[in-house]
Every structure is written in C-alpha cells, then in structure tokens.
Amino acid sequence: MRKSTPPDVRAPRDTASATVELEDVPFGRFHLHVAVAGSGGQFSDGYILGIIGIALTSATDDLALNAVWLGLLGAASLAGLFFGSLFSGALIDRIGRHPIFAFDMPLLAALSLAQFWTAAAWQLLLLRLLLGLVLGADYAASKTLVSELAPRKSRGRMMSVLAIAWAAGYTIAYLVGYLIAQTASGDRPWTWMLASSAVPALLVAAARLGVPESPRWLIAKGRAQEAAAMIAAKIGPHVTLPTAPAPATSSGAPAESGSLRALFAPALRSRTVIACVFYLCHIMPYFALSTFSPRILASLGVHNAYFGGAVYNLLLLVGAVVGMSVIDRLTRRRFLVGSFAVAAVLLLPLGILHDLPITLVIVLFAALAFALSAADTLAFVYPQELFPTRMRATGVGAAVAASRIGASISTFLLPVVVESFGIRTAMTGLVLVLAAGALACYRYAPETSGLKLGSQ
C-alpha cells in the first residue's frame with residue numbers, strides 16, 4: 001500500500017494545481033510564528049504599563065508622592081506612547097515595519113532594568129516617558145506587520161491574540177506586583193516590580209528572530225520581486241502577491257507614503273477621525289480604571305481593594321479571550337457600538353448610586369473589566385482595516401496617539417478628580433465618554449468585516 005505524504009500545514013492541500021492569494025492562504029506555522037512574535041510584544045507592552053499601578057501604591061512613601069505625582073507617573077508612559085506612536089508611524093511607512101519590530105524589545109529591556117536604581121520621582125518619570133516612546137513605536141510596527149501577514153478569514157482572531165497577550169501581560173504584571181508586595185522582606189519592593197518587565201522584553205526579542213518584512217510594504221515600495229522571494233521561502237511558491245492600489249489625494253495623485261498630512265486628505269479624513277475617536281473613547285476608561293483599580297475600589301467601599309483589583313485584572317484577560325471568539329462572528333460596527341453601550345450601562349450605577357452592596361460593586365466592576373477587555377480586541381483589528389498599505393502604520397500610529405492623549409488625561413485626572421470631587425463624579429465622567437464613543441461609531445464608523453487590506 002502506497003504511503004501518502006502529509007501535506008505541508010503552511011500551504012493549501014492542492015498546491016500543484018492551484019495558486020492562492022496571500023490573504024487567502026490557510027493559517028499555518030508561519031502565521032503562528034508571526035502571531036507569537038507580535039503578541040509577545042503586546043504582552044511586554046501590557047506588562048510594562050500594568051506594573052506601574054501596583055508599583056506606585058508601594059512607592060508612594062519612598063518617593064513622597066502626592067496626588068499630582070501619582071497622576072504624572074501613571075500617565076507618563078501613556079504620554080510617551082503618544083509621541084512614539086504618532087511619529088514612528090510615518091517612519092514605519094517609509095523605512096518598513098521590520099526594523100523597529102526587530103530591535104525595540106532589547107531597548108525596552110534596558111530601560112526596564114534602569115528603573116531598579118530609581119532614587120527620585122523625576123528619574124522614574126523620565127524612564128516611564130522613554131518606555132512609552134519605545135512602546136508607541138512597537139504598537140505601530142507590530143500591529144501593522146501582523147495585520148499585513150494575517151490571512152483575511154482569520155485576521156480578526158489572529159489580531160485578537162495580540163489583545164489577549166496585552167491583557168495577559170497587564171494581568172500578570174498586577175499579580176507579580178501583588179506577589180512581590182506580599183513576600184518582599186527588604187526595602188523598596190516596587191523597584192523589583194518595575195525591573196521585572198525586562199524579562200518578557202528579552203524573551204520577545206528572541207521570539208522575533210526570523211519574522212520577515214511585510215510583503216505588502218515591499219510591493220508598495222516597488223520591491224515585488226523581493227516580496228515574492230520572501231513569501232515563496234516562508235509560505236510556498238503557490239502564493240500570488242496582491243497589488244494594493246495607492247490612495248489618492250484631493251488632486252487625484254497618489255498620496256505620499258508616511259505623510260501625517262495625507263491622513264486628513266478627503267480620501268482618508270473620515271476614517272482617520274473615526275479611528276481616533278473610537279480608540280480614544282475606548283481607552284480613556286480602560287486605562288484610568290485599570291491603573292487605579294485598587295484605589296477606586298477602596299473609594300467605593302471595598303475593604304480588600306487589592307483582592308478586588310486582582311479580580312478586575314483577571315476579568316480583563318477573560319474578556320480578551322471572549323472577544324477573540326466573537327470578533328469574526330459579529331460585524332465590526334455591531335461589536336463597536338454594542339461594546340460601548342454595555343460598558344456605559346455597567347459603569348453608570350457606580351457613578352449615580354450611593355451605598356451599593358460591596359458584592360454588587362465588585363460584580364459590576366468585574367463585569368466592566370470583562371466588557372472593556374472584550375472590546376479591546378477591536379483596537380487590534382479595526383484601525384488596521386481602515387487604512388491602505390501606504391498609510392497603514394501612519395494611520396494606526398495616529399489612532400494610538402489619539403488614544404494615548406485620552407488615556408494620559410484620564411489617568412492624570414482620575415486621582416485628582418476623586419480627591420477633589422469624589423469617586424462618583426469621576427465614574428459619571430467616564431460614562432459620558434463611553435456614551436460619546438457609542439454615538440460616534442453608530443453614526444460614522446464604516447463596516448470593514450471581511451475586507452481585503454488592499455481594497456480600501
């Protein structure tokens with residue numbers, strides 16, 4: 001009996017008789033490597049941002065932090081993310097996705113380790129700003145590269161893995177910080193918390209070895225032969241390459257690659273605005289509530305606020321997993337509008353009602369974490385689908401930058417507003433932000449479900 005040869009899992013089963021376009025290649029080992037490398041960066045990003053909340057709680061006395069310093073340090077990396085994502089996006093569209101994707105993680109590791117020797121609040125502020133700059137560059141590079149290498153039918157799920165990894169990094173950072181806080185016997189345990197973020201960054205740097213440049217970017221730069229050779233080596237010779245059309249300016253000429261001004265040309269203006277509004281309105285409550293979850297729960301009357309914060313962060317991870325399972329089953333618009341509405345309804349009682357039972361407060365807060373994290377999968381998929389190849393990293397960078405403006409403002413203001421006006425005023429303000437996001441997406445967000453990345 002003739003023994004059959006098992007097919008290469010990276011290729012369609014009948015490669016001899018048919019070719020397949022890059023976006024229609026079945027998910028295989030190559031895509032798994034790309035997903036792991038990209039999601040590893042998001043894990044590290046989430047860890048670096050997540051560790052600061054619990055570290056600041058431990059560092060308050062050592063660094064003599066008041067409410068203003070807490071807000072500044074909580075928002076520092078987010079402010080750095082604004083500049084890093086805004087300006088790196090244009091650079092990535094000019095020089096490629098791979099250079100930053102391949103080399104930013106070792107720099108993150110070095111900056112993370114430097115936090116161990118922090119002796120003053122201003123030093124920590126500077127390091128957090130620098131970390132944010134590098135994180136912003138990684139956001140634009142990794143999201144763009146992974147989306148351009150992902151198969152169309154599984155793009156939502158593949159990009160959602162990045163969201164799960166980010167939530168996992170954020171959650172594990174909190175748990176590691178909590179463990180260090182409970183077991184550390186020496187002084188300044190918060191320095192160990194902050195320096196621990198070097199570990200995932202170094203592991204991710206190794207995982208990214210062998211991930212190639214985006215073939216879509218190579219084609220857009222007139223390097224189709226190089227793209228074909230790379231795809232033949234990584235996936236197989238049966239794959240045909242797409243030809244993405246250049247976006248037009250108001251004069252009808254192709255838009256300049258990597259131009260921030262081109263984002264607001266008539267062809268892209270509305271997509272740029274909705275990408276920024278969606279991301280901003282989603283991330284403002286997400287970061288403000290996540291960064292200060294123990295303090296918020298304590299203000300709402302929860303006695304074991306650290307336990308409540310741990311529950312909140314675990315539900316962030318669960319929500320991301322559920323978001324991945326539904327993102328390709330719901331239309332993008334339905335998921336966008338529905339997630340904003342559900343989060344607003346869950347947060348509203350915490351803003352307008354007094355003397356809620358402690359159990360109900362924890363349940364509402366945990367459900368809110370679940371809803372916000374499920375919606376966060378959209379932030380890893382939707383902006384990439386709004387922009388053409390020549391402008392994708394620039395557009396994604398602008399959307400991330402807009403979100404970090406909101407996140408910086410909300411993270412800075414939340415402890416100040418709570419101290420000055422009370423927790424319910426702060427919660428009501430975040431409800432209004434979520435309601436604004438729902439309305440904007442309902443009226444203006446285009447549908448992108450099933451879209452080919454070259455067809456915008």
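Counting begins at 1 with the first residue of the sequence. Note that the structure is a prediction, hence the values are computed from the model and not measured.
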*Let me see the working for Phe278 and Phe340 under side chain to side chain contact (heavy atoms under 4.5 Å, CB included), right down to the final yes or no.*
CA-CA 9 Å; Phe278 148 66; Phe340 274 122; 3.9 Å; yes
_Pair Thr272-Phe264, side chain to side chain contact (heavy atoms under 4.5 Å, CB included): steps then yes or no_ = CA-CA 7 Å; Thr272 300; Phe264 294 94; 3.7 Å; yes
_Could you go through Arg424 and Leu350, starting from their C-alpha distance and side-chain angles, then the distance that decides it, and tell me whether this counts as side chain to side chain contact (heavy atoms under 4.5 Å, CB included)?_
CA-CA 7 Å; Arg424 286 173 181 80; Leu350 300 177; over 6 Å; no
*Please assess Phe370 against Val322 for the test side chain to side chain contact (heavy atoms under 4.5 Å, CB included), listing each intermediate value before the final yes or no.*
CA-CA 9 Å; Phe370 178 89; Val322 173; 3.7 Å; yes
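Between Glu23 and Arg155 there is a salt bridge, with a side-chain nitrogen of the basic residue lying less than 4.0 Å from a carboxylate oxygen of the acidic one. A salt bridge is absent between Glu385 and Arg271; no separation between the charged side-chain nitrogens and carboxylate oxygens falls under 4.0 Å. Using a 4.0 Å cut-off between a side-chain N of Lys or Arg and a carboxylate O of Asp or Glu, Asp24 and Arg152 qualify as a salt bridge.
Remark: the backbone N or O of Met284 is paired with a side-chain donor or acceptor of Ser410 at under 3.5 angstrom. Within the 3.5 Å criterion, the main-chain N or O of Arg188 finds a donor-acceptor partner in the side chain of Thr191. Between the Thr144 side chain and the Ala141 main chain, no donor and acceptor come within less than 3.5 Å of each other. In this structure a side-chain-to-backbone donor-acceptor pair under 3.5 Å is missing from Arg392 to Pro383. Here the side chain of Trp217 pairs no donor or acceptor atom with the backbone of Arg97 at under 3.5 angstrom. Side chain of Arg333 to backbone of Ala445: a donor-acceptor contact under 3.5 angstrom is found. Under a 3.5 Å cut-off, the side chain of Ser112 and the backbone N or O of Ala195 do not form any donor-acceptor pair. Put simply, the side chain of Ser58 never gets that close to the backbone of Ala55: no donor and acceptor are under 3.5 Å apart.
For the residue pair Trp190 and Asp62, a side-chain donor N or O sits within less than 3.5 Å of a side-chain acceptor on the partner. Counted by atom type alone, Gln384 and Ser147 present zero donor-acceptor pairs between their side chains at under 3.5 Å. Counting only N and O atoms by type, the side chains of Ser142 and Gln42 include a donor and acceptor under 3.5 Å apart. Remark: the Ser160 side chain and the Thr377 side chain contain no N/O donor-acceptor pair separated by less than 3.5 Å. A donor atom on one side chain and an acceptor atom on the other are found under 3.5 Å apart for Tyr47 and Ser196.
For the pair Phe335/Tyr382, no side-chain contact is recorded, criterion being any heavy-atom separation below 4.5 Å from C-beta on. Using a 4.5 Å heavy-atom cutoff, the side chains of Pro446 and Ile274 are in contact. Within the 4.5 Å cutoff, the side chain of Lys143 has no heavy atoms near those of the Asp138 side chain. Residues Met105 and Leu202 are not in side-chain contact: their nearest non-hydrogen atoms beyond the backbone lie 4.5 Å or more apart. Side-chain contact between Val146 and Phe380 is absent, with no heavy atoms from C-beta onward closer than 4.5 Å. Using a 4.5 Å heavy-atom threshold, the side chains of Leu434 and Pro285 count as touching. Two residues are said to be in side-chain contact when any heavy atoms from C-beta on lie closer than 4.5 Å; Leu111 and Leu107 meet this criterion. By the 4.5 Å heavy-atom criterion applied to side chains, Val396 and Tyr139 are not counted as neighbours.
Across all their heavy atoms, Pro388 and Leu268 have their closest contact at CD-CD2, 3.7 Å. The two atoms that bring Met158 and Ala150 nearest to each other are SD-CB, 3.5 Å, heavy atoms only. Taking all atoms of both residues into account, the shortest heavy-atom contact from Leu386 to Ala275 is CD1-CB, 3.6 Å. The two residues Ala398 and Cys276 come nearest to each other via the heavy atoms O-SG, 3.8 Å. Contact detail for Thr331 and Glu447: the closest heavy-atom pair is CB-OE1, 3.2 Å. Of all heavy-atom pairs spanning Ala37 and Val204, the tightest one is O-CG1, 4.1 Å.
The salt bridge (Lys or Arg N to Asp or Glu O under 4.0 Å) check on Asp104 picks up Arg208, with sequence neighbours excluded. Checked against side-chain hydrogen bond (donor to acceptor under 3.5 Å, both in side chains), Ser77 has the following partners two or more places apart in sequence or in another chain: Arg128.
Going from atom OG of Ser154 over to atom NE2 of His31 covers 7.0 Å, rounded to the nearest 0.5 Å. Distance check: Arg157 CZ to Ile327 CD1 gives 10.0 Å after rounding to the nearest 0.5 Å. Here Glu213 contributes atom CD and Ile95 contributes atom CD1; the two are 9.0 Å apart, rounded to the nearest 0.5 Å. Separating the CG atom in Leu347 from the CG atom in Leu432 is a distance of 9.5 Å, to the nearest 0.5 Å. Rounded to the nearest 0.5 Å, atoms CG (Leu378) and CE (Met159) are 11.5 Å apart. Ser403 contributes atom OG, which lies 5.5 Å from atom CD1 of Ile283 (distance to the nearest 0.5 angstrom).
Aromatic ring pairs are classed by plane angle as parallel below 30°, tilted from 30° to 60° and perpendicular above 60°; the pair Phe83 and Phe87 is parallel.
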Sequence neighbours left out, cut at 3.5 Å: what donor-acceptor pairs do the side chains of residues 116-125 make with other protein atoms?
unit_1	atom_1	unit_2	atom_2	d
Thr118	OG1	Gln115	O	2.9
Gln123	OE1	Ala119	N	2.7
Gln123	OE1	Ala120	N	3.4

